[in-house]
Amino acid sequence: MACGIVAVVASRKGALRKPLGEVIRESLKSLEYRGYDSVGFAIITDNGLVVRKSKGMIDSVTAKLGFSEFDGLVGIGHTRWATHGPPSDRNSHPHTDCTGKIAVAHNGIIENWNELKEMLVRKGHVFKSDTDTEVIPHLMEEFKNKGMEPYEAFKATISLLKGAYAIAAIDIDAGNKVFFARKTSPLIVGIGDGANFLASDIPAFLRYTRKIIVVSDDEVGYVTSSSVFIEKLIKKGDKGIWISIDIGKRLRTVEWTPEMAMKGGYPHFMLKEIHEQPQALASTISGLGEKLDDVVKVISAANKVVLVGAGTSYHASYLGAIFLNNLGEVFAQPIISSEMKWHIKSLSEGDVMIAVSQSGETIDTLLAAREAKDRGVKVIALSNVIDSAIPREADLVVYTRAGPEIGVAATKTFTTQVLVLSVIAVKVAKYRGIVNEGASEAHLRAIRSLPETVNKIISKYEAKSKDVAKLMASKRSAFFLGRGYGLPVSMEGALKLKEVAYVHAEAYPAGESKHGPIALVEDGFPIVFTAVSHEEAELIKSNVEEMRARYAWTIAVTPKGDEGHLKNVEERFTMPELPVTAASVAYVVPHQLIAYYTSIIRGYDPDKPRNLAKTVTVV
Ligand code: AGP
């Protein structure tokens, strides 16, 4: 899973107008979505290296340990989601060497940590935690003992590591520098005024700068308060040579503002992000422009298309596949990223993969994309994060422009993903001559109106969603049933409810529900039906009646005009009549609101669902 790391190097005390410990606390708070079972920092102060860390949530730990009282010019911080060693004070990061001069924060997994640890223990190193990470400071110490300078010792350490990592390390002997390295786990440099930053994600330093450099796999380097140095080991025969990277070419400015990464008056990021959907959709529409032309041509010429994604991104992939099959008449199949391994042999040159990932860092999706590329398959990335791993490795990239999504539950990134996939399918259908100008324009017009449509749905149905949530909060299980486009929308509704409200929720094709699931239905059992068109509504009519005959509590998310033949449902969300493309985006909104309010009524924090992290970078 994910952890969050941050690092800051300032030119002088007060350059950031607050103590370094407070800067690190704020930055970690922005990364809380990446892990929240323990927190810590290490700062080089006038009195040497100070490390404070503890199990617990950021707010309580940082208050208890007095983060804000510590100042210095160089520091690192970490918010942890446990992989090796249970959450505890001793397993919290940063980890230090035997001399107490070196401190390291790490996100990822060091696969060969056991053998490295055994070797270091044999040499007399004393370990203070059960983590894989702790081998890093001890290795650095070991190389320094052999006479290497601190940065050379860091590089020598990195060359021994197998696995996934984003690492920030400080060493009293190195002065005002933070060393860093990346393989697979995300790492971004922020170029500020009088200070530079490192972090797992951009919101960590957005208060200070929007200028970024995304560190690529296998790169190592260091930041000072006024410079950034990055290099990469290139293999030449048996030997490796270090090539320094021209950072000028890699410098980017992100459009995100600090406000976009904060709650803006909402009690939770999830609710804020649900309400931000009109803006996120509008911005995604305006960002598409002509950029889709190549994507449309590649898909139109494909033998077959697979769409891979995890969780919510899989649900968007599922809709994308139906759009392509049904509208574009292109053979397309959705596959869960972690299952791709068992399907990959059917892919070859001439096929296309669309890798869908809001973070662009989900390891299963990244690995699926890599395997596809190795087989000569063209990979198109659909992501929300500029220059993240999957877009960097893809042949073509399309970005959603949803802005930073902090809530662990994906909301605005789902609707923007579905929007992009629907536009692609409509354009493919047009390009292949399957629909005419008029039909394609009808879809695109409704898609362009989605910001307004979604705004109206939120205004109309927020209070009703709260009412439905009051009863839902008392239930242990629920079914979400739909057919066609309504099925992936139902799958997304079920995922939202289970992940933030901990109500067991299962989505099923409505027509399949009488082949097993109906056995569970009894008096008051909640069943949410979704139909995005009259055709789908007509088809679920009999399923609704079957469930009502067993005294289920039925809720319908269906288009205006279907009230008549679905008149018996207990709760109705009457949605605007839209083409299936736009409807597949808009009809998920009541599901998001019901899940959010059910979570609140049950007393949970929807932004931090237990056991989940926003970005999953371990297989
Ligand atoms: C969705 O609410 C979940 N947080 C999760 O299923 C998520 O969609 C999944 O981990 C994929 O993430 P990605 O889009 O960043 O690849």
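Counting starts at 1 for both ligands and their atoms, following the listed order. Bear in mind that the values here come from a model prediction, so they are computed numbers and not experimental data.
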Check: Met57 and Lys608 side chains under 4.5 Å, non-hydrogen atoms: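 With C-beta onward as the side chain, the pair touches.
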Are side-chain heavy atoms of Asp607 and Ile406 found at a separation under 4.5 Å?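 Of all side-chain heavy-atom pairs linking Ile406 with Asp607, none is under 4.5 Å.
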Smallest separation among heavy atoms of Ser185 and Gly108, with atom names: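 Closest approach of Ser185 to Gly108, heavy atoms only: OG-CA, 3.7 Å.
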Which one of Gly311, Ala410, Ser388, Ser313 has a non-hydrogen atom at the shortest distance from atom 14 (O) of ligand 1? Ser313
Any idea which of Lys498, Glu499, Glu361 brings a heavy atom closest to atom 3 (C) of ligand 1? Glu499
Yes or no: does Thr365 have any heavy atom under 4.0 Å from an atom of ligand 1?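 The answer is no, since Thr365 has no heavy atom less than 4.0 Å from ligand 1.
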Exercise answer: donor-acceptor pairs, residues 499-506 side-chain atoms, under 3.5 Å, sequence neighbours excluded:
from, atom 1, to, atom 2, distance (Å)
Glu499, OE2, Lys496, NZ, 3.3
Tyr502, OH, Arg610, N, 2.8
His504, ND1, Ser477, OG, 3.3

Below 4.0 angstrom from a heavy atom of [X], which ligand 1 atoms are there? Numbered from 1 as shown, please.
{"X": "Lys496", "value": "1 (C), 2 (O)"}
{"X": "Ser357", "value": "13 (P), 14 (O), 15 (O), 16 (O)"}
{"X": "Thr312", "value": "1 (C), 2 (O), 6 (O), 8 (O)"}
{"X": "Val408", "value": "2 (O), 3 (C), 4 (N)"}

Taking distance alone, with no angle check, do Thr362 and ligand 1 share an N/O pair under 3.5 Å?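 Thr362 vs ligand 1: N/O contact under 3.5 Å present.
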What do you reckon, does Ala409 have a nitrogen or oxygen under 3.5 Å from a nitrogen or oxygen of ligand 1?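 Ala409 vs ligand 1: no N/O contact under 3.5 Å.
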Verify the distance criterion only: is there a donor paired with an acceptor across the side chains of His315 and Gln417 at less than 3.5 Å?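 The criterion, which ignores hydrogens and geometry beyond distance, is not satisfied for Gln417 and His315.
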I'd like to know if the side chain of Ser474 pairs up with that of Arg602 as donor and acceptor (distance under 3.5 Å, no hydrogens or angles considered). no
To which protein heavy atom is atom 15 (O) of ligand 1 closest, and what is the distance rounded to 0.1 Å?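 Here the nearest protein heavy atom works out to Ser359 OG, 2.6 Å.
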Suppose we measure from atom 11 (C) of ligand 1 to each protein heavy atom; which comes out shortest, and what is that distance? Ala310 O, 3.2 Å
Could you check whether Arg182 pairs with Asp218 (Lys NZ or Arg NE/NH1/NH2 to Asp/Glu carboxylate O, under 4.0 Å)? no
Test: Lys464 cationic atom under 6.0 Å from Phe573 six-membered ring centre, within 45° of axis: yes
